[in-house]
S.K.: 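Mind looking over this structure? Questions follow.
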Number of protein chains: 2
Amino acid sequence: MPRISATKEAILAAALELGALHGISGTTMDEVSERAGVAKGSVYYNFSSKDRLFEELLTAGVSSLSSALRNARLSAPGFAGIEAMVAAMLALIAGNRALAKLMAAEIFRTDRPWQVSMAVLRREALSEFEAGLAPLVPAGTPRGSLPLMAAGIFGATLMGGLEWLLFSPDTPAADVSAAILFTYSGKLDAGTPPTA
Amino acid sequence: MPRISATKEAILAAALELGALHGISGTTMDEVSERAGVAKGSVYYNFSSKDRLFEELLTAGVSSLSSALRNARLSAPGFAGIEAMVAAMLALIAGNRALAKLMAAEIFRTDRPWQVSMAVLRREALSEFEAGLAPLVPAGTPRGSLPLMAAGIFGATLMGGLEWLLFSPDTPAADVSAAILFTYSGKLDAGTPPTA
DNA sequence: GTCTATATACTGATAGAC
DNA sequence: GTCTATCAGTATATAGAC
C-alpha cells in the first residue's frame, strides 16, 4: 500500500510535468487538476495551496538528489567518488528530466515561499560535492574555494545533462559522463595543442 | 543621444530587476510600470506585449554574452582562451547579476514565445566555448562530446558565478575564477589524495 | 508620447452537495 | 474524498483624453 494516495500521486505527477513545461508561475491549478484527471477541489483537498504543492515537489526532488550524491560519494574513494557523483547525477537527470528542468529554473530564486527549505537542500546537495572535493585539493587552497568548485562541478553536470537530454538524447549516458569528466583530467591544459 | 528613449530604458531596467526577483510569469506589467516610473499605457506604447518586452531583454543579454565570450576567446590562444572566457563570463555575471539570474532561469525553457531566438543565441554562446575547446581535445574524441564539454564549462561558470554573488559576494573575482579553473587543472585526479 | 480609466479574461481558493 | 459551482482578486491589454 502506497504511503500517498493515487490521487495525490497523480496531482504531483501532473504538477511536475506542467511545471517543467511552463514554469511554476505559468502553471495553473486548473491545468494541474485537468491533467491529473481530478477536480480542482480535490487538488485543494490534498494540497492546501499551489505553493505547498510545488514545495513538496521541489524539496522531495532535491532531497533525493542529495541522497543519491551521498551514496555515490561513499561508493568510491578519492576522485573516483567525484566521477561516481557526476554519473549518478546524470542518471537522475535522465531518469526525471522534468524534475531536472524544474529544479534548474527554481534553484536560484530567492523570494519564493519555499526559499528557505530549498536553500537548505541546495546547500545539502552541494555539500556532498564539497565533501568529495575536500580531500583532493592542496593544503594551501583558500577557504572559500571549495563551495565554488563544488558549485562548478554541480553546474557542469546539470547543464551538460540538460544539454544532453534536450539536444542530443541519443548519446549514450557513458559518453556524456566521459565528456564532462574529461574536462577535469587536465588534458585540456596541456600547454600547446595536443596535436603539436 | 541614446539609440533608445529614456522611457524605454527605464522600462527595460525595471523589467530586468523585477524579472530576476519574481521570474517573468511572476512579474506584472503594473509592477514594471510602477517601478519604471511611467504609466502602464506608456509601457504598452513602447512594447507591444509583455512577451516582447522580455524577449528584447533576454536576446540582448545573451547576445552581449556571446560577443564577450568571442572577444575573450580571441584574446588568447589555447587553454588561456578558455581561461579568458571563464573570467569574462564571471565579470559579466558580476556586472549584471539580475540578467544572469533571469537567464539562468529561462535558458532551458522550451515553450516560450521567444524559444527559437533564445535557442539560437544559446547555441551561439556555447559555440564560443566549443570553438575554444576544439583545438584542445585529442583527435579520437567522439563527435558529440564537444557540445557537452562546452555546456559543462558554461554551466560551471554560470553556477559558480551565481553561487559567488548570492552566497559569498565578498570573494575577489580572481579567486572565483581561479577556483573554477582549478578543477580543470587535472590536480583533482592525482590518483591518491595529494597529502598521501 | 504619456497619461487615466476600463474592458475582458483568468487565477487561486472556497463552499457545500454527494 | 471527490465533485460542481462560484467568489473575489488580479492580469494583460486597449481606448481615448491630453
Side-chain angles (χ1 to χ4, degrees), chain A residues 1-59 102 105-106 109 111-115 117-118, chain B residues 1-59 102 105-106 109 111-115 117-118:
Chain A
M1 38 204 88
R3 247 184 52 232
I4 64 174
S5 71
T7 298
K8 211 167 173 177
E9 208 153 353
I11 293 167
L12 285 169
L16 174 59
E17 289 162 40
L18 291 169
L21 215 52
H22 308 123
I24 295 179
S25 298
T27 298
T28 70
M29 293 297 259
D30 281 282
E31 289 172 328
V32 171
S33 68
E34 186 188 344
R35 182 150 191 156
V38 298
K40 190 159 64 166
S42 297
V43 175
Y44 278 94
Y45 175 83
N46 285 280
F47 300 91
S48 57
S49 72
K50 183 183 176 182
D51 286 335
R52 283 291 188 94
L53 168 57
F54 280 99
E55 179 175 16
E56 188 158 325
L57 215 50
L58 286 169
T59 55
L102 199 61
E106 289 295 319
R109 287 289 185 56
D111 76 323
R112 295 275 196 170
W114 52 74
Q115 172 204 346
S117 34
M118 273 295 285
Chain B
M1 38 208 92
R3 246 183 54 230
I4 64 174
S5 71
T7 299
K8 211 167 174 178
E9 207 153 352
I11 293 167
L12 285 169
L16 174 58
E17 289 163 39
L18 291 168
L21 215 52
H22 309 124
I24 294 180
S25 299
T27 298
T28 71
M29 294 296 259
D30 280 283
E31 289 172 329
V32 171
S33 68
E34 186 189 342
R35 180 149 192 155
V38 299
K40 190 159 62 167
S42 298
V43 175
Y44 278 95
Y45 175 82
N46 285 279
F47 300 92
S48 58
S49 73
K50 181 183 176 181
D51 286 336
R52 283 290 187 94
L53 168 57
F54 280 100
E55 178 176 14
E56 189 159 324
L57 214 51
L58 287 169
T59 54
L102 200 60
E106 289 296 321
R109 288 287 185 56
D111 76 324
R112 293 274 194 168
W114 52 75
Q115 172 206 345
S117 34
M118 272 296 284

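Order of the sequence lines fixes the chain letters, A, B, ..., with proteins taken first and strands second; residue numbering starts at 1 for each chain.
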S.K.: Whole Å only: how far is the CG atom of A:Leu18 from the P atom of C:dG12?
M.R.: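 After rounding, the reported distance stands at 12 Å.
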S.K.: Within this structure, what is the CZ-to-P distance between B:Phe54 and D:dA11, rounded to whole angstrom?
M.R.: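 Atom-to-atom, B:Phe54 to D:dA11, this comes out as 13 Å.
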S.K.: Mind listing the closest non-hydrogen atom pair of A:Ile11 and A:Val43 along with its distance?
M.R.: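 Looking at all heavy atoms of both residues, the shortest contact is CD1-CA, 3.8 Å.
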S.K.: Would you indicate whether B:Gln115, at its atom CD, is surrounded by more than 12 heavy atoms from other residues, nucleotides or ligands within a distance under 6.0 Å?
M.R.: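 Yes, enclosed.
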S.K.: Output the rounded distance in Å from CZ (A:Phe47) to C1' (D:dT2).
M.R.: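 Taking atom C1' of D:dT2 as the reference, CZ of A:Phe47 is at 15 Å.
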S.K.: Measure across B:Ile24 and B:Lys50 and return the closest heavy-atom pair with its distance rounded to 0.1 Å.
M.R.: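 Heavy-atom minimum between the residues: O-NZ, 3.0 Å.
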S.K.: Choosing from C:dT2, D:dT12, C:dG12, which nucleotide comes nearest the side chain of B:Met29?
M.R.: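 Nearest to the side chain of B:Met29 among the choices is D:dT12.
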S.K.: Would you mind telling me which of D:dT12, D:dT4, D:dT2 lies closest to the side-chain atoms of A:Ala39?
M.R.: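 Of the candidates, D:dT4 comes closest.
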S.K.: With a cut-off of less than 4.0 Å, is there a side-chain N or O of B:Ser42 near OP1 or OP2 of C:dG1?
M.R.: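 So the side chain of B:Ser42 is outside the cut-off, no N or O lying under 4.0 Å from OP1 or OP2 of C:dG1.
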S.K.: Side chain of B:Tyr44: nearest nucleotide among D:dA13, C:dT2, C:dG12?
M.R.: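 When the side chain of B:Tyr44 is considered, D:dA13 is the closest of D:dA13, C:dT2, C:dG12.
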S.K.: Taking atom C1' of C:dT2 as reference, at what distance in whole Å does atom NZ of B:Lys8 sit?
M.R.: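 Distance check: B:Lys8 NZ to C:dT2 C1' gives 15 Å.
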S.K.: As a test of reading the structure: which of D:dT12, D:dG1, C:dA13 is closest to the side chain of A:Lys50, going by heavy atoms?
M.R.: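 Nearest nucleotide to the side chain: C:dA13.
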S.K.: Scan A:Thr27 against the nucleic acid and name what it touches under 4.0 Å (heavy atoms): base, sugar-phosphate only, or nothing.
M.R.: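 Here A:Thr27 touches the backbone only, sparing every base.
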S.K.: What's the OH-P distance between B:Tyr45 and D:dA15, to the nearest Å?
M.R.: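 About 16 Å, once rounded to whole Å.
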S.K.: When you measure from the side chain of B:Thr28, which nucleotide among C:dT14, D:dT12, D:dA13 comes out closest?
M.R.: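 Shortest atom-to-atom distance from the side chain points to D:dT12.
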S.K.: Checking all strands, does B:Ser25 fall into the base, sugar-phosphate, or nothing category for heavy-atom contacts under 4.0 angstrom?
M.R.: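 Nothing, no heavy atom under 4.0 Å.
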S.K.: Rounded to whole angstrom units, what separation is found between the NE2 atom of A:His22 and the C1' atom of C:dT11?
M.R.: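 Those two atoms, NE2 and C1', are 15 Å apart.
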S.K.: Rounded to the nearest 0.5 Å, how far apart are OG1 of A:Thr27 and CD of A:Glu17?
M.R.: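 A:Thr27 OG1 to A:Glu17 CD: 11.0 Å, rounded to 0.5 Å.
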S.K.: Separation of B:Lys40 atom NZ from C:dT8 atom C1', in whole Å?
M.R.: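 Value for this atom pair: 12 Å.
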S.K.: Using a cut-off of 4.0 Å on non-hydrogen atoms, how would the nucleic acid contact of A:Asn46 be classed: base, sugar-phosphate, or nothing?
M.R.: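 The answer is sugar-phosphate, as A:Asn46 gets under 4.0 Å only of primed atoms, P, OP1 or OP2.
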S.K.: Any side-chain heavy atom of B:Arg112 within less than 4.5 Å of one from B:Ser117?
M.R.: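 In short, these two side chains do not touch, never coming nearer than 4.5 Å.
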S.K.: Hey, is the side chain of A:Thr7 poking within less than 4.0 Å of OP1 or OP2 on D:dG1, counting only N and O atoms?
M.R.: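 Negative; the distance criterion is not met.
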S.K.: Using atom CG of B:Asp51 as one end and atom P of D:dA11 as the other, report the distance to the nearest whole Å.
M.R.: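 Computing the B:Asp51:CG to D:dA11:P distance gives 16 Å.
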